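Note that the structure is predicted; figures quoted are calculated from it, not measured.
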Amino acid sequence: MSENQTTFQFELVSPEKKLFSQMVWQVVVPGDEGDFGVRAGHASLVSSVRPGIVKVWSAPGADPVEMFVTGGFADVSGENCAVLAEQACEVTELNAETLTQEIADLNEKLAASDLTAPAQKKLRNELDVANAKLRVVSGNAHH
Amino acid sequence: MASLKEYRDRIAGVKSTRKITSAMKMVAASKLKKAQEQAEAAQPYAQAITDMMARVVAGVTIGPGSPKLLIGTGKDKVHLIVLVTADRGLCGGFNGNAIKLALQHIRSLEKAGRQVKILCIGRRGKIVLNREYGDRIIETVTNISGKAGLDYDLLRSVVEQILHRFDDGEFDVCSLIYNQFFSVLTQRPKIQQVIPFSLNKFDEDKDAEDKKGPASKYAFEPTEEEILGKLLPRNFGVQVYRAVLDSAAGEQAARMTAMDNATRNAGDMISNLTLKYNRERQSVITSELIEIISGAEAV
């Protein structure tokens, strides 16, 4: 099983569901202290994750699958790597226009004065997530 | 002996009850499917975070500076009990079992001189505990699993609130009481201590690892303390989340079973009543006939 030496099990899970689980060749995770790449046999590591994009290559030279995460943890051990995201979705699902619209809507709602504290907090959270998503999308466009 | 009309009315009444219970059973079955899917979808994350906790905690040196969520406040005076029940009844012994366990737990804690605070998730638990321990209830959260499944935002705010109270030193130990979902037919009430994080389970693993030597030392990024500081509240949230999901699935399963039984009982009752009704009808006919015949004979 020579293949097992170059690939490893990668999982991306959020509390709502398991988004990704298969053998991959390389993963790049947006750690709190900078992006880091993981390949088979990586030293054991536990890291916190900042909002950003997780890139997954199933084989050398293949196009990476990109997934957006809103922070969480990465757990790397010899044979597998797991990213525990608070929220996650595929980058292709993100769209700058709808996100800008969403942010505008959320700001409008936040401006309303008759909000209760928890409702306001909820909207703020949504706004933070939407902003992080937008940053990712527009960051991509520049590359 | 009841009159024929009374029998007819009773049969009609039981029939409409059966209609309701069988409809409720059907609704519970479809909700159960959804709730079960949601509970299963959350399983990988819960498992992953538990594994990670185990590994991180095994590698951490515990000192006075460790997070309070891990080592506790050093006291064992005030207990917070989070009781997870359903908002509605008509689901057999589901709520009753959890509440009974909670009452036992509260009594034994108070007997041992501890102060008890209660947080109810779900209306049924509150209603019952209110009678005896109304002054201990600090908060009640209802409508956590609505039509669209679980309300994550509401749950998140509950978790934050509990953590906030812990930071403020309002309690030392927190336990969850909820119905664990084993299968559609079995849900068992369970007490789970969540704060401080119970280490016992991992101590054995740690010993085993120590013997083997530092085979898999973990690197932490940024630092051990920071990771632990973020991981512990997250883990607590996941435990609460899992309890609520289990309870939501269990509620529907228990209701489905209870309503299935009720529908069957209503069916039995209808056939019993129909039998009695027919017997009564025949005896009425017989006595009418006797009256006619004896009248004719007398002429």
Side chain, backbone, both or neither of B:L231 within contact of chain A (heavy atoms, under 4.5 Å): both
Measure distances from A:E11 to the heavy atoms of chain B and classify the residue's part below 4.5 Å as side chain, backbone, both or neither. neither
Answer with side chain, backbone, both or neither: which region of B:V238 has an atom nearer than 4.5 Å to a non-hydrogen atom of chain A? neither
Just wondering, more than 12 heavy atoms not from A:K55 lying within 6.0 Å of its NZ? no
Heavy-atom contact with chain A under 4.5 Å, split by part of B:R234: side chain
Inspect the surroundings of CG in A:D63 and state if more than 12 heavy atoms from other residues, nucleotides or ligands are less than 6.0 Å away. no
Looking only at heavy atoms, the pair that brings B:A48 and A:V13 closest together is CB-CG2, 4.4 Å
Please check if atom NZ in B:K117 has more than 12 non-hydrogen atoms from other residues, nucleotides or ligands closer than 6.0 Å. yes
Atom group of B:F220 that falls short of 4.5 Å from chain A, counting heavy atoms: both
What one should report as the nearest heavy-atom pair of B:P44 and A:K18 is CB-CE, 3.6 Å
What are the two closest non-hydrogen atoms of B:M52 and A:A74, and how far apart are they? CE-O, 4.1 Å
Report which part of B:Q43 has an atom under 4.5 Å of a heavy atom belonging to chain A: side chain, backbone, both, or neither. neither
Just wondering, do B:K230 and A:D32 contact through their side chains at under 4.5 Å, heavy atoms? yes
Heavy-atom pairs under 4.5 Å with chain B: which of A:S14, A:G72, A:A82 has the most? A:S14
Most heavy-atom pairs under 4.5 Å with chain A, out of B:I227, B:I49, B:D51, B:L154, belong to B:I227
So CG of A:L84 and CG of B:N235: to nearest 0.5 Å the spacing works out to 10.5 Å
